[in-house]
Amino acid sequence: MPRPSPGVTAGQDPHDRPSAQGRGRQRRRFPRPRLTGLGCGVLATAAMVAAAWLCKPLGGVPALYGVLSVLTCAATAVWVRPADLICAPIAAPIAFATGLLSTAGPMATLTELALRAPWVFAGTLTAGVIVLVRRGLDLLRRQLRRRRAEARAQT
């Protein structure tokens, strides 16, 4: 039977260690899935195809499809790995078009893309802003770590 690491009792998740302030109270975290660039595109495309199929019986409902598109773009931008951040804004319009293509013919898809362009731009902009904020925070964290390491080395 494997021995638990110090500070962790048997049967307890090592990630749920009590903090120094709140001993006895376990902290729960949401899972942090990390998608590759390809996974980001596959998730966005699958979600938009499902959204198109959901909206089809309801008469197309462009607003619902657009809102689902923006939510999908935000989710993929949040879940993509830091190394593949650029893939989220690129996958957004491709997934939007693929979803439309799955329920309509090629000519109808071109017409729908022209009519729903604001939703395409909104989803791409949402993913782009989230990616830029994540990248900026990542650069800030690295800079702070580097400064702390330099301060420790000087003392």
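Just so you know, these numbers come straight off a predicted model, no measurement behind them. Scope of the values below: all heavy atoms of this structure, side chains included, with no hydrogens, waters or symmetry mates.
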Name each donor-acceptor pair under 3.5 Å that joins a side chain in residues 58-77 to protein atoms two or more places apart or in another chain, with its distance.
unit_1: Y65; atom_1: OH; unit_2: F96; atom_2: O; d: 2.9
unit_1: Y65; atom_1: OH; unit_2: L100; atom_2: N; d: 3.3
unit_1: T72; atom_1: OG1; unit_2: L68; atom_2: O; d: 2.8
unit_1: T76; atom_1: OG1; unit_2: T72; atom_2: O; d: 3.2
unit_1: T76; atom_1: OG1; unit_2: C73; atom_2: O; d: 3.0

Between [X] and [Y], which heavy-atom pair has the shortest distance, and what is it?
{"X": "L85", "Y": "P89", "result": "O-CD, 3.4 Å"}
{"X": "T109", "Y": "A97", "result": "CG2-O, 4.0 Å"}
{"X": "C40", "Y": "A91", "result": "SG-CB, 4.3 Å"}
{"X": "C87", "Y": "G37", "result": "SG-CA, 3.6 Å"}
{"X": "T126", "Y": "A122", "result": "OG1-O, 2.7 Å"}

Ionic contact status for R142 with D138, cut-off 4.0 Å: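 R142 and D138: salt-bridged.
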Would you please test R134 and I130 for side chain to side chain contact (heavy atoms under 4.5 Å, CB included) and show each step? CA-CA 6 Å; R134 283 188 58 198; I130 291 171; 4.3 Å; yes
Does L35 reach the side chain of R81, with side-chain heavy atoms less than 4.5 Å apart?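 Heavy-atom side-chain distance check fails, nothing below 4.5 Å.
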Could you tell me if the side chain of W53 sits less than 4.5 Å from the side chain of S102, heavy atoms only?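 SC-SC contact between S102 and W53 confirmed.
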Please report the interatomic distance [atom1]([X]) to [atom2]([Y]), rounded to the nearest 0.5 Å.
{"X": "T36", "Y": "L43", "atom1": "OG1", "atom2": "CG", "value": "10.5 Å"}
{"X": "R135", "Y": "I86", "atom1": "CZ", "atom2": "CD1", "value": "10.5 Å"}
{"X": "M48", "Y": "I94", "atom1": "CE", "atom2": "CD1", "value": "13.0 Å"}
{"X": "R116", "Y": "T111", "atom1": "CZ", "atom2": "OG1", "value": "11.0 Å"}
{"X": "T155", "Y": "E150", "atom1": "OG1", "atom2": "CD", "value": "12.0 Å"}

For residues 98-155, pull every pair meeting ring pair (Phe, Tyr, Trp, His ring centres under 6.0 Å), keeping only residues two or more places apart or in separate chains.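 Residue pairs with at least one partner in residues 98-155: there are none.
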Listed by chain and number, what are the side chain to side chain donor-acceptor pair (under 3.5 Å) partners of R146, not counting sequence neighbours?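 Counting only residues at least two positions away or on another chain, R146 forms no side chain to side chain donor-acceptor pair (under 3.5 Å).
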